[in-house]
Amino acid sequence: MNIGSQMLHALIILFAAIFTDNILLARFLGMCSFLSVSRQVKTAVGLGLAVVMVMTFTIALDWLAYRYILQPYAIEYFRFILFIIIIAAFVQFIEMVIERYSPILHQNLGIFLPLITVNCAILGASLFMVIRQYNLIEAISFGFGSGAGWMMAIVAMAGIRERLNNAKIPRGLQGPGITLIIAGIMALAFIGFTGVLSGR
Amino acid sequence: MSLRDRIWYPILYMAAITLISSAIIILFGSLTRQRVQDNQLIAFERAVLGALHIGEQELSSPSAIHTAYSTLIRKPDESSAGAFRFIKDDSLIAYALPLEGPGFWAPIKGIIGILADRKTVTGIAFYEQNETPGLGGEIVKSAFTEQFKGKILSDVDPALSIVPVSVVLDEHRVHAVTGATQTSTRLAEFMNETIVAWRNRMKREE
Amino acid sequence: MVRQKTGHVILAALWGDNPVFRQILGICSALAVTNLVLNTAVMGAAVIFTTALSSLTVSILRKWTPRIVRMMVEVLIIGFYVILFDQTLKAYWPDMSRNLGPYVGLIITNCIIMGRAEAFANGNPPGLSFVDGLFSGLGYACVLLCVAIIRELLGMGTLLGMQVPFFSTPLWDRWIIMVMPPGAFFTLAIIVWIARTIQPDKEPKKKVGI
């Protein structure tokens, strides 16, 4: 494959990850924080940015670890544990760096970082990358796209939920119930993007 | 002062736990590795036999599949242009042409069986795909694959088309899986590319 | 006494504190495979296997585990069982392993398992922890199975891939949307709605900041 079509392919993966294959609305990953941290737009944006950053970097690290550590020794089944260790270590590292060099950023993003280690979307993106046999460039664009798609979904959800505050909702449906229904409607809307990318 | 209060205790403990669990996993992994590899081989052989419609009922166990495959199927040679050959009583019955191309999510790999007349399709089977279960993943189900049996490759491109359920079928057409337009379009695309390329090579060989 | 306690733990895990109804926890790792009952059943089995055995192991080791590495040890133990399950599936049921894709591995991040290890197994004897893990997993698997049954029946007109009266006939116009992602959200929302309406509100409503 030449560089041009390589880049085009990476771009297609990026857009597919945001729209048609949204990691949250089509793959159900990262639901826990999606349901609990989508009450306010401001916090949703903070968490979303943190996810985009962590996902983009850890997917690259995971790719390197898989290619140069696990594959040569044919111990691919260790990927589950190795990936989660890499994610946890990266989050810890980033937290220290941010705290040291940018107190303002730390104030805004810091509280979200610990939440990210247990966000299954991060690990999920890395596992998808392995299954779909992406190369490094594709993996990075997939990681960034998945993060951006996740952020878009949670910010949109927070915007809707802020307006729901004054709505009258049946008791059993309050909280997670109504959030799930909204997520369903959003997923329905995102299906509309399928076909946008059909022209290869 | 017990062992637990020493500063190095957590490190030692962690190392011990890691060591023990890794040892068990590696042991288990090496015990199952052969089986995992065999599974991949059998999946391929089953797809070849499935595409050619060779004895589906009796071939349930992996060893039966392997035996049937080794006696009936020959590797590709120059005369078959990359297709595996189904040979019975020294005469060529059919070709098994490997298909490989991008699916919606991940590469799809399969086999299409074509009779020695190079026109009649005997069937299709897939041995690797990662399409959405219940949607694109339905391409492996018999409801989809059985349609290919007896279809005729058209001389004009596309040789075989996968059309929406609303379109009337003819001898060059099969119905797509409902709700899996992407998978079907991509499959049709690389399937036709492969068939056309194979046909051209076969013509040149003559 | 012990028996009564065990019964209490089981009941709480299955209904009262069912992790899905109460907190909507841990659905990420499994909701995606709920469009087919068979896949869901295997996925549920994987979760039950992992929760029960990791709770047991964490509980056995609890007296020797130093506090500062506790979380790491728990992740390691959970990962250990997930790898065993995944590898077994790969070796003995390759088709299923392919169907489930990355979702078996994602059990590691399933909050329920970690939650049970943290909240229960850390402070209870091995036997009770095992039972708690087992039934927490079971409670979770049941909910997902309900989702899967509804989705497969309405969406594909089959159950476990088999024909069903009425739904498999042309009389039933299959709801394709049910096997697509939105179907999972709607089905789960309705199940949670029903469960929460039946269940009495135990805890007073808390306003959580985040």
Side-chain angles (χ1 to χ4, degrees), chain A residues 22 24-37 39-40 43 47 77-85 87-88 111-112 115 117-131 170-191, chain C residues 20-34 71-72 75-76 78-80 82-84 86-87 90 98 101-112 114-115 177 180-199 201 205 207-210:
Chain A
N22 190 293
L24 193 118
L25 295 170
R27 296 275 157 175
F28 309 101
L29 296 179
M31 290 287 292
C32 299
S33 22
F34 176 70
L35 292 175
S36 54
V37 196
R39 283 203 177 83
Q40 287 167 6
T43 44
L47 181 63
Y77 40 79
F78 269 114
R79 65 181 180 278
F80 302 145
I81 288 184
L82 187 66
F83 286 1
I84 202 117
I85 290 173
I87 293 167
I111 49 163
F112 299 114
L115 270 176
T117 314
V118 291
N119 187 328
C120 33
I122 314 265
L123 179 65
S126 287
L127 294 180
F128 273 121
M129 157 207 73
V130 168
I131 284 189
R171 190 180 61 87
L173 210 50
Q174 277 164 7
I178 191 72
T179 314
L180 282 170
I181 289 188
I182 297 169
I185 297 170
M186 278 165 68
L188 211 54
F190 271 64
I191 288 181
Chain C
V20 180
F21 296 151
R22 275 286 137 210
Q23 303 122 325
I24 322 289
L25 276 184
I27 46 174
C28 1
S29 61
L31 205 55
V33 296
T34 54
M71 296 282 267
M72 271 157 81
V75 169
L76 201 67
I78 295 167
F80 170 74
V82 169
I83 292 177
L84 284 190
D86 184 64
Q87 194 66 14
K90 256 209 184 86
R98 263 190 296 273
Y103 290 99
V104 174
L106 284 169
I107 291 176
I108 294 183
T109 53
N110 189 320
C111 342
I112 292 176
M114 194 72 171
I177 195 72
M180 293 170 88
F185 285 113
F186 293 138
T187 316
L188 186 66
I190 289 168
I191 290 179
V192 168
W193 185 6
I194 294 170
R196 288 200 162 198
T197 309
I198 300 171
Q199 277 179 346
D201 239 347
K205 244 182 241 132
K207 279 253 189 300
V208 187
I210 272 190

message: Can you tell me how far apart CG (C:Leu106) and OG (A:Ser126) are? Round to the nearest 0.5 Å.
response: 10.0 Å
statement: When rounded to the nearest 0.5 Å, the distance separating CZ of A:Phe80 from OG1 of C:Thr109 is 11.0 Å
Could you tell me which portion of [X] (side chain, backbone, both or neither) has an atom closer than 4.5 angstrom to a non-hydrogen atom of chain C?
X        : value
A:Ile131 : side chain
A:Ile182 : neither
A:Ile84  : side chain

field: Any A:Pro176 side-chain heavy atom under 4.5 Å of C:Arg196 side chain
entry: yes
- prompt: Does the pair A:Ile185 and C:Phe186 meet the rule for a side-chain contact (heavy atoms from CB on, under 4.5 Å), with working shown?
  reply: CA-CA 8 Å; A:Ile185 297 170; C:Phe186 293 138; 3.9 Å; yes
task: Check ring pair (Phe, Tyr, Trp, His ring centres under 6.0 Å) between A:Phe28 and all other residues, then give those that pass, not counting sequence neighbours.
output: C:Phe185
Heavy-atom distance under 4.5 Å to chain A: side chain of [X], backbone, both or neither?
X        : result
C:Met114 : neither
C:Leu31  : both
C:Tyr103 : side chain

Of all heavy-atom pairs between [X] and [Y], which one has the smallest distance, and what is that distance?
X        : Y        : value
C:Gly105 : A:Leu123 : O-CD2, 4.1 Å
A:Ile181 : C:Ala189 : CG1-CB, 3.3 Å
A:Arg27  : C:Ala32  : O-CB, 3.9 Å
C:Asp86  : A:Arg79  : OD2-NH2, 4.3 Å

task: Determine, step by step, whether A:Leu173 and C:Val192 satisfy the side-chain contact (heavy atoms from CB on, under 4.5 Å) criterion, reporting the C-alpha distance in whole Å, the side-chain angles of both residues, the deciding distance to 0.1 Å, and the verdict.
output: CA-CA 8 Å; A:Leu173 210 50; C:Val192 168; over 6 Å; no
task: Report the residues that fulfil side-chain contact (heavy atoms from CB on, under 4.5 Å) with A:Ile81, sequence neighbours left out, ordered by chain and then residue number.
output: A:Ile85, C:Leu76, C:Ile83
query: Among A:Ile178, A:Val130, A:Leu188, which has the most heavy-atom pairs under 4.5 Å with chain C?
result: A:Leu188
